[in-house]
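Note that these values count all heavy atoms, side chains included, but never hydrogens, waters or copies made by symmetry.
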Amino acid sequence: MKILVVCGAGASSTFVAQRLRHAAQDHGFAWTASAGTEQSLPIDLDAADVVLVGNHLASVLEHIRRAAESRGTTVVLLPTDIYTDHDGTRTLQLVRDAVGVSQEVTPTASTAAPEPISSLE
């Protein structure tokens with residue numbers, strides 16, 4: 001599956017796409033994730049199965065959905081705090097929910113946050 005992450009300028013979508021790509025790989029999915037912008041969307045949409053839209057583009061979401069509908073592409077509006085998803089597992093779960101892939105995604109050993117250090121010995 002090909003996932004396109006869209007934001008205004010492409011910077012924040014690059015981070016989300018990279019984290020999502022790693023999370024998908026860690027969980028055994030051969031999915032790709034790439035970043036795009038609102039301006040590149042007409043071209044990028046042809047190669048996407050799922051489009052994740054940055055929350056700051058909510059005002060154009062319906063326009064994006066209409067363009068994606070004719071291609072059979074799923075569109076998901078990302079929550080405002082998605083940029084805090086440092087291991088990509090929340091984003092991966094959003095994609096799985098949107099396309100109907102069951103089972104909850106949990107962080108893997110390589111992506112889970114380290115345990116806090118309670119004392120220095």
Side-chain angles (χ1 to χ4, degrees):
M1 177 167 27
K2 296 178 182 176
I3 304 161
L4 175 65
V5 184
V6 178
C7 72
S12 56
S13 60
T14 298
F15 291 115
V16 173
Q18 182 181 39
R19 293 169 182 165
L20 173 58
R21 196 169 39 250
H22 287 119
Q25 182 180 15
D26 289 347
H27 287 86
F29 294 100
W31 295 353
T32 63
S34 59
T37 65
E38 183 182 3
Q39 291 74 29
S40 70
L41 189 58
I43 295 167
D44 296 339
L45 194 55
D46 287 331
D49 299 305
V50 175
V51 176
L52 304 179
V53 180
N55 191 273
H56 54 284
L57 296 176
S59 64
V60 295
L61 184 64
E62 286 310 310
H63 172 73
I64 294 170
R65 282 198 171 127
R66 281 192 302 276
E69 185 177 48
S70 65
R71 295 167 170 91
T73 302
T74 301
V75 176
V76 177
L77 181 65
L78 292 170
T80 57
D81 67 344
I82 201 65
Y83 306 106
T84 63
D85 179 26
H86 297 290
D87 67 2
T89 56
R90 274 188 57 223
T91 310
L92 179 60
Q93 189 64 53
L94 286 171
V95 173
R96 290 181 63 159
D97 291 346
V99 299
V101 175
S102 62
Q103 265 185 335
E104 188 172 318
V105 175
T106 55
T108 62
S110 64
T111 61
E115 290 295 320
I117 299 172
S118 58
S119 66
L120 297 174
E121 295 182 28

Evaluate the side-chain proximity of L4 to S34: yes if any heavy-atom separation is below 4.5 Å, no if none is. yes
All side-chain contact (heavy atoms from CB on, under 4.5 Å) counterparts of R71, not counting sequence neighbours: L45, D46, A67, T73
Go through the structure and list residues passing side-chain contact (heavy atoms from CB on, under 4.5 Å) with S40, not counting sequence neighbours. T37, D44
Heavy-atom pair of closest approach, residues H56 and G8: NE2-N, 3.1 Å
With distance as the sole test, does N55 use its side chain to make a donor-acceptor pair with the main-chain N or O of P79 at under 3.5 Å? no
Roughly how far, to the nearest 0.5 Å, is the NE2 atom of H22 from the CG atom of L20? 10.5 Å
Minimum heavy-atom separation for L57 and E38, please, with both atom names. CD2-OE1, 3.5 Å
Is the number of heavy atoms from other residues, nucleotides or ligands within 6.0 Å of CD (E69) greater than 12? no
Would you say V95 ends up clustered with V75 if hydrophobic residues are merged whenever their side chains have heavy atoms under 4.5 Å apart, either directly or through other cluster members? no
Within this structure, what is the NE2-CG distance for the pair H27 and L92, rounded to the nearest 0.5 Å? 6.5 Å
In this structure, CG of D85 is separated from OG1 of T91 (nearest 0.5 Å) by 4.0 Å
A side-chain contact here means heavy atoms from C-beta on lying under 4.5 Å apart; do V76 and D97 qualify? no
If hydrophobic clusters are built by linking Ile, Leu, Val, Met, Phe, Trp and Tyr wherever their side-chain heavy atoms come under 4.5 Å apart, do L41 and L77 end up in the same one? yes
Answer yes or no: is there a side-chain heavy-atom contact under 4.5 Å between R90 and T84? yes
Non-hydrogen side-chain atoms of L78 and V5 separated by less than 4.5 Å: yes
Counting C-beta onward and ignoring hydrogens, is there a side-chain heavy-atom pair between W31 and V50 closer than 4.5 Å? no
So, R21 side chain and G88 main chain: donor-acceptor pair closer than 3.5 Å or not? no
Answer yes or no: is there a side-chain heavy-atom contact under 4.5 Å between L52 and I82? no
V99, V51: one ILVMFWY side-chain cluster at the under-4.5 Å cut-off? no
A35 to S13 - nearest heavy-atom pair and separation: CB-OG, 3.3 Å
The reported gap from CD1 in I3 to OG1 in T32 (rounded to nearest 0.5 angstrom) is 7.0 Å
